[in-house]
Structure formats: C-alpha cells, structure tokens
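Accompanying notes for the structure given below.
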Amino acid sequence: MTRLVLILLKCVAWLPMKALYVIADLIYVLIYYVAGYRRKVVEDNMARCFPDRSAEERRRLEKDFYRNFADYIMETVKLFHISDSEMERRMKFRNIEIIDSLVRQGRSVAVYFSHCGNWEWAPSVTLHAARRPGDGVEYCQVYRPLSSHVFDALMLRARSRFGSLSLPKATVLRELIRLRRDGMLNVTGFMSDQKPSHGDPALPLMFLNRPTAFITGTEELARRMGMAAVYWDMYKTGRGYYEIDCRLLAENVADTERGDVTRAYASVLEETIERNPSIWLWTHKRWKHPVELPR
C-alpha cells in the first residue's frame with residue numbers, strides 16, 4: 001500500500017510547480033467552500049486572537065490561510081521529486097552563519113520552529129549549512145508519529161529528502177544522547193507551537209491576546225544537553241518561495257533562567273504571526289482547554 005501511494009505521489013510530483021498550483025487552487029475551493037475543513041475552528045481562533053480587526057479583514061485572512069494551506073499540501077508532495085538546486089532557490093536561509101558558528105564552537109543547537117509557511121521544506125537547511133550531515137553533525141527534526149502507518153512512512157521519506165533525521169518525540173532525548181556519545185553534534189528542530197501533550201509541563205503566557213500554555217520540554221531538553229537555542233523566523237516571499245531568518249535566543253540554554261527561552265520564543269513567534277497571520281496553521285485546536293495565568 002505504501003509503495004502504491006508513493007508511486008502515485010511521485011507521478012504527481014513530476015509536474016512543474018505551475019501545474020501543482022493549479023491543483024492547489026482546486027484544493028482551496030474544496031477545503032474552504034465545499035468541505036469547510038475546520039472553518040469554525042479557524043474563525044473562532046482568529047476572532048479571539050484579533051478582536052480589533054474587522055470581520056471583513058479576518059475573513060480575508062481566513063481565505064488567505066486556506067490558500068496557503070493548499071499550497072503547503074502540493075509543495076509537500078513536490079518533495080518526492082525536486083532537485084537540490086530548485087529547493088535552494090525556493091527556500092533560503094538568512095544568517096545561517098549563526099548556526100555554523102555555534103557548530104564550529106562544538107555546540108549543538110535546538111531550533112525553535114513553528115507551523116508557519118512550509119515547515120516541511122525547512123529540513124533543506126542541510127543544503128545551506130557549512131557542515132553536511134555526518135560531517136561531525138546531524139540535522140534532525142522531532143515529530144509525532146501519524147496514526148496512519150502508510151502516511152507516517154511517506155512523511156518520513158519526504159522529511160529525510162535532504163539528509164536529515166526524524167526523531168520520534170517519545171525518544172528524542174535518548175537519540176540525542178546517543179548522537180553525543182557517538183561524537184556527533186546535532187542541529188534539531190522542535191515544532192514548539194502546539195499545545196502541550198497531556199501531562200507535559202507547560203508555561204502559561206499571554207499570547208495573541210489569549211492565555212496560552214507553552215511547551216517547556218524543548219527548553220528543558222536543551223538545558224540538560226547544554227544546547228544553544230535558535231529561532232527560525234519564517235517569511236513567505238512569494239508563491240513557492242520562502243526565507244528563514246535564523247535568530248539567536250541563547251548561546252547556552254543552561255546559562256539562562258528557567259522559562260526565559262520559552263518566553264523569548266513566544267515573543268518572536270507572536271511577531272512572526274502578527275506580521276503575516278495567514279501563514280500560521282490556524283486549524284490547530286491550540287486553545288481547546290482553558291489556561292490560567294499566574295497571579
């Protein structure tokens with residue numbers, strides 16, 4: 001089954017980007033107008049996060065979000081057949097020297113990232129960094145396995161397209177310790193904009209005008225491993241074109257006060273979303289459970 005789906009995806013991925021965006025336009029109509037995929041969730045999230053914006057402006061942002069989401073779907077399919085040179089042209093990294101410098105100093109890096117733009121293209125950082133995978137450093141991303149074994153296998157294949165490793169959330173600490181034991185540094189991306197899993201420690205913060213529980217596991221793991229922390233600030237510069245600006249949060253998380261890096265991440269993520277709300281994944285049920293801020 002996995003092989004059959006992979007063959008179909010590869011056939012579609014052979015199409016040029018212009019053709020894929022025609023399909024994306026059709027997907028937009030289907031998910032927004034026909035299926036209404038999580039429209040109530042998106043409408044409620046935007047209304048509560050942007051109470052000062054008019055209903056007309058929020059509706060425009062909702063439509064832009066669904067267009068971007070449809071683009072994301074087809075751009076992710078393109079991962080099954082895209083050249084390194086085309087990816088380098090479409091996904092650029094600014095200030096990658098920050099990560100290169102930290103690695104030269106012998107420091108592993110925890111990359112704070114989010115569901116903005118096309119996050120599935122971010123593993124192409126291996127095409128821009130000074131050190132290639134296996135050259136004393138591994139590039140990794142933490143993921144939550146999908147319930148469908150078929151699509152989980154396909155996504156793992158897509159995410160490893162540029163030589164990075166996918167680490168299951170449940171075993172990430174063990175895997176990073178293994179890499180260190182083998183004498184390898186790591187640059188590992190953490191998607192830290194989801195709601196914390198049940199039972200996970202969280203830091204309540206005001207975020208987008210709403211009390212929000214932020215994942216603290218990324219900071220605690222980076223603190224334990226003596227890692228630096230970098231934020232990847234995503235820009236969508238055109239259809240099928242993105243830039244990530246690398247921004248240093250901490251040279252060594254272990255030297256910071258507990259919670260400071262998580263607060264810094266929340267602040268810069270808020271800047272990213274407010275700059276262009278339509279590129280964030282608004283279908284998340286981020287605020288499903290009420291959160292109380294400390295008095």
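All residue numbers in this chain count up from 1 along the given sequence. As the structure is a prediction and not an experimental result, all values here were calculated from the model.
Note: H284 and H115 have perpendicular aromatic rings, judged against thresholds of 30 and 60 degrees for the angle between ring planes. By the 30° and 60° cut-offs, the orientation of the rings of Y32 relative to Y28 is parallel.
Atom OG of S101 sits about 8.0 Å away from atom CD of E251, to the nearest 0.5 Å. The CD atom of E270 sits 13.0 Å away from atom CG of D193, with the distance rounded to the nearest 0.5 Å. To the nearest 0.5 Å, atoms CZ (R174) and CZ (R181) are separated by 11.0 Å.
A side-chain donor-acceptor contact under 3.5 Å links R131 to the backbone of D135. The main-chain N or O of Y143 is never found under 3.5 Å from a side-chain atom of K169 such that the two would form a donor-acceptor pair. At distances below 3.5 Å, at least one donor-acceptor pair connects side-chain atoms of T212 with backbone N or O atoms of R210. Using a distance-only test at 3.5 Å, with no hydrogens or angles considered, a donor-acceptor pair links the side chain of N252 to the main chain of A254. For the pair Y235 (side chain) and G117 (backbone), a donor-acceptor distance under 3.5 Å is absent. In this structure a side-chain-to-backbone donor-acceptor pair under 3.5 Å is missing from R39 to Y33.
Partners of S108 according to the side chain to side chain contact (heavy atoms under 4.5 Å, CB included) rule, which considers only residues two or more places apart in sequence or in another chain, are L185, N186, M227. Partners of R286 under the salt bridge (charged side-chain N to carboxylate O under 4.0 Å, His left out) rule, at least two apart in sequence or in another chain, do not exist in this structure. Scored by the salt bridge (charged side-chain N to carboxylate O under 4.0 Å, His left out) test, R132 finds no partners at all (sequence neighbours excluded). For R247, the salt bridge (charged side-chain N to carboxylate O under 4.0 Å, His left out) partners at least two apart in sequence or on another chain are D233, E271. With sequence neighbours excluded, the residues that form a salt bridge (charged side-chain N to carboxylate O under 4.0 Å, His left out) with E120 are R159.
For E75 and K78, the salt-bridge test fails: no basic side-chain N is under 4.0 Å from an acidic carboxylate O. At a threshold of 4.0 Å, the pair R258-E220 counts as salt-bridged, since one of the basic side-chain nitrogens sits closer than that to a carboxylate oxygen. The residues R60 and D64 are annotated as salt-bridged, a charged nitrogen and a carboxylate oxygen being separated by less than 4.0 angstrom. Ion pairing between a basic and an acidic side chain is recognised when a charged N comes within 4.0 Å of a carboxylate O; R144 and D152 show no such pairing. A salt bridge is defined here as a Lys NZ or Arg NE, NH1 or NH2 lying under 4.0 Å from an Asp or Glu carboxylate O, and R59 with E56 fails to meet this definition.
The two residues I99 and V187 make their nearest non-hydrogen contact at CG2-CG2, 4.0 Å. The minimum heavy-atom distance linking F162 with P123 is given by the pair CB-O, 3.9 Å.
Aromatic pair Y242/W121: ring centres closer than 6.0 Å. Taking the ring centroids of F50 and W280, they lie at or beyond the 6.0 Å cut-off.
One side chain, Y231 or T272, offers a donor N or O that lies under 3.5 Å from an acceptor on the other. For the residue pair K236/N68, the side-chain donor-acceptor check at 3.5 Å is satisfied. Of the N and O atoms on the side chains of E219 and T262, at least one donor lies less than 3.5 Å from an acceptor on the other residue.
Annotation for W14: hydrophobic cluster partners, listed by chain and number, are none (ILVMFWY side-chain heavy atoms under 4.5 Å, direct or chained).
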